[in-house]
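Accompanying notes for the structure given below.
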Amino acid sequence: MKVTIFAQKKKTKENREFYTYLATLTKKDGSEDKLEAKFREECGAPDPKKCPLIIEVDKANANISEKKETYTNEVGEEKEVIRRRLWVSAYTESDEKFVDSSLEDYE
């Protein structure tokens with residue numbers, strides 16, 4: 001299975017920088033799901049400087065977890081969301097290069 005991985009730099013309140021990873025998975029019907037990606041310690045996370053990149057993951061070395069969370073928006077309304085995470089325990093970097101097609105529909 002091919003997975004596109006994006007790295008996002010964040011900071012803690014103490015100004016410590018770290019990276020989170022986002023994944024794009026393509027369903028059998030061609031639609032895409034975006035979710036958080038977590039890499040287990042035994043395989044390590046990809047180099048964020050190489051992102052976005054495509055990795056290859058055997059389905060036996062990954063799983064998706066779902067968790068319902070409630071948050072309060074800026075208007076004070078409580079909202080419930082389902083947070084999905086892709087957990088990866090082994091992967092290889094693909095030779096295929098990521099091609100950004102996000103602006104193809106624009107002139």
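We count residues from 1, following the sequence as given. Everything quoted here is computed from the prediction, not taken from an experiment.
Between atom CD of residue Glu93 and atom CG of residue Asp47 there is a gap of 8.0 Å, rounded to the nearest 0.5 Å. Here Tyr19 contributes atom OH and Lys10 contributes atom NZ; the two are 13.0 Å apart, rounded to the nearest 0.5 Å. Atom OG1 of Thr70 and atom NZ of Lys79 lie 12.0 Å apart (nearest 0.5 Å). Atoms CD and CG, on Glu17 and Asn15 in that order, are 8.0 Å from each other to the nearest 0.5 Å. Atom OG1 of residue Thr4 and atom CD1 of residue Ile55 lie 9.0 Å apart, to the nearest 0.5 angstrom.
Hydrophobic clustering, with ILVMFWY side chains joined whenever heavy atoms are under 4.5 angstrom apart, groups Val57 together with Leu35. Using a 4.5 Å cut-off between side-chain heavy atoms of Ile, Leu, Val, Met, Phe, Trp and Tyr, with links allowed through other members, Met1 and Tyr21 fall into the same hydrophobic cluster.
Proximity of Phe39 to Val88: side-chain heavy atoms (C-beta onward) are separated by under 4.5 Å at one or more points. Lys34 is not listed as a side-chain neighbour of Leu22, based on a closest heavy-atom distance of 4.5 Å or more. No side-chain heavy atom of Cys51 sits less than 4.5 Å from a side-chain heavy atom of Phe6.
Within 6.0 Å of atom CD in Glu69, more than 12 heavy atoms from other residues, nucleotides or ligands are found, so the atom counts as buried in its surroundings. Residue Asp95 places its CG atom among 12 or fewer non-hydrogen atoms of other residues, nucleotides or ligands, all under 6.0 Å distant. Within a 6.0 Å sphere centred on CD of Glu78, other residues, nucleotides and ligands contribute 12 heavy atoms or fewer.
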Criterion side chain to side chain contact (heavy atoms under 4.5 Å, CB included) on Ile64 and Asp33, from CA distance to verdict: CA-CA 12 Å; Ile64 294 176; Asp33 272 349; over 6 Å; no

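None of Pro46, Pro48, Ser94 except one satisfies the side chain to side chain contact (heavy atoms under 4.5 Å, CB included) rule with Leu53; the exception is Pro46.
A donor-acceptor pair under 3.5 Å is formed between the side chain of Ser89 and the backbone N or O of Asn61.
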